[in-house]
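Data first, discussion second: the structure below is written as structure tokens.
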Amino acid sequence: MKKFIYLLTFSLAIVNVSCASLFSAASGECSCTCPACLNCAHKHHALTAEQLAKQDSINAAKSWRDAELDSLLNMDYTIVHYDVSGPEPYKWDPNEVISTSQETLMPLFRTGKPTTGGDTEYVLKEINTSLKVNDVYCYFNTRDGVPEPIRFVVHFYADDPVNFYKLQFNLDGFKYEYAPTGIKRTNEGKFYYEYFDNAMDEQSRDIVAGLAHCQYANILLVSEKGVSHRLYLTETQLKHFKETYELYRKMGGKL
């Protein structure tokens, strides 16, 4: 950049000037090298009004150039590095502080005898756990008052099977993938059931955190036979994930 400024300075300095620009106002002596002045014996002659006006114009232009060059040479050309990083994908934070009180959350849940381990099951009262209700939700069990790994459930019920084998999540634009185990498939007349109930772990805990914090979510049930199905989660479903996650963490749940 400095080389460019010096070249610009040199280029602007090399300009054609008239005889009048070289005239010394103090002595009145002409010091130019044009043929007329070289042949002048006394080196003194009065400038015409037109020459004086031209000289004033040249002087003004020179002053403007000098000011511009001075400005260019004194500019700060330091390279500035800007942080253009965007938001980060959702991640499970072991040290997250939940502001909602446990006393506020507890009345939202029903408790009962679990079928998947532990001694007490915590499921939101608003969730219908029937296999005939298409839903996606979380719940958890406790053993001696300590939460076991939070569980993730998908119920799909329709007159056409999907035969999904993995899930692709879009949580506020962030992509996650999960391959459930123990998927159960059955049918009742022309209707098909596909469902699973999995304990989440350290490898899948970011999905749980994402579902609890995101504003928008959809899940693609990826089919083994090429006919996949997308589930668009409602505000109510996202609220259920958030409330379950918050009570789980308030009670000391870890993954």
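Within the 3.5 Å criterion, the main-chain N or O of Ala67 finds no donor-acceptor partner in the side chain of Ser71. No donor-acceptor distance shorter than 3.5 angstrom exists from the side chain of Lys250 to the backbone of Glu103, with no hydrogens or angles considered. Put simply, the side chain of Asp93 gets close to the backbone of Asn95: a donor and an acceptor are under 3.5 Å apart. A donor-acceptor pair is defined here as one N or O able to donate and one able to accept, closer than 3.5 Å; no such pair exists between the side chain of Asp206 and the backbone of Ala209. In this structure, the side chain of Arg205 does not engage the main chain of Trp92 through any donor-acceptor pair within 3.5 Å. Under the 3.5 Å distance criterion, the side-chain polar atoms of Asn141 are left unmatched by any main-chain donor or acceptor of Glu148. Proximity of a side-chain donor or acceptor of Tyr248 to a complementary backbone N or O of Lys254 within less than 3.5 Å is detected. Formation of a donor-acceptor pair under 3.5 Å by the Asn218 side chain with backbone atoms of Leu231 is not found in this model. Checking side-chain atoms of Asp172 against main-chain N and O of Tyr216 turns up a donor-acceptor pair under 3.5 Å.
Every residue meeting the ring-ring contact (aromatic ring centres under 6.0 Å, His included) condition with Tyr137, not counting sequence neighbours, appears here in chain and number order: His155. For the salt bridge (Lys or Arg N to Asp or Glu O under 4.0 Å) test, no residue two or more places apart in sequence or in another chain qualifies with Asp135. Applying the ring-ring contact (aromatic ring centres under 6.0 Å, His included) criterion to Tyr176, with sequence neighbours excluded, gives no partner residue. Partners of Arg110 under the side chain to side chain donor-acceptor pair (under 3.5 Å) rule, at least two apart in sequence or in another chain, do not exist in this structure.
Under a hydrophobic-cluster definition in which Ile, Leu, Val, Met, Phe, Trp and Tyr are linked whenever side-chain heavy atoms come within less than 4.5 Å, directly or via other members, Leu105 and Val146 are assigned to different clusters.
Here Lys239 pairs with Glu243 in a salt bridge; the nearest charged N to carboxylate O distance falls below 4.0 Å.
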Subject >> Verdict with supporting geometry, Lys225 and Val227, side chain to side chain contact (heavy atoms under 4.5 Å, CB included) >> reply: CA-CA 6 Å; Lys225 299 181 179 179; Val227 183; 5.7 Å; no
Original post:
Does the pair Tyr178 and Gln203 meet the rule for a side chain to side chain contact (heavy atoms under 4.5 Å, CB included), with working shown?
Top reply: CA-CA 9 Å; Tyr178 177 68; Gln203 284 67 47; over 6 Å; no
**OP:** With side chain to side chain contact (heavy atoms under 4.5 Å, CB included) as the test, would you mind laying out the steps for Thr115 and Asp197 before giving the verdict?
**Re:** CA-CA 11 Å; Thr115 59; Asp197 181 342; 5.8 Å; no
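Between the SG atom of Cys214 and the CG atom of Asn170 there is a distance of 9.0 Å, given to the nearest 0.5 Å. Separation of atoms CE (Met200) and CD1 (Ile207) is listed at 5.0 Å; rounding is to 0.5 Å.
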Quick one: side chains of residues 159-169, donor-acceptor pairs under 3.5 Å with protein atoms, not counting sequence neighbours, listed by atom name and distance.
| unit_1 | atom_1 | unit_2 | atom_2 | d |
| --- | --- | --- | --- | --- |
| Lys166 | NZ | Glu177 | OE2 | 3.4 |
| Gln168 | NE2 | Glu177 | OE1 | 3.2 |

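Put simply, the side chain of Pro180 does not reach to within 4.5 Å of the side chain of Phe152, judged on heavy atoms. Taking the side chain as every heavy atom from C-beta outward, Leu247 and Gln102 approach each other to under 4.5 Å. Tyr139 has its side chain out of reach of Thr129: every pair of non-hydrogen atoms, C-beta onward, lies at least 4.5 Å apart.
Taking the six-membered ring where tryptophan is involved, the planes of Phe156 and His229 are tilted, since the angle between them lies from 30° to 60°. Note: Tyr245 and His213 have perpendicular aromatic rings, judged against thresholds of 30 and 60 degrees for the angle between ring planes.
More than 12 heavy atoms of other residues, nucleotides or ligands shown are found within 6.0 angstrom of NZ on Lys125.
Its side chain within the 4.5 Å cluster rule, Tyr195 clusters with Leu131, Tyr157, Phe191, Tyr193 among the Ile, Leu, Val, Met, Phe, Trp and Tyr residues.
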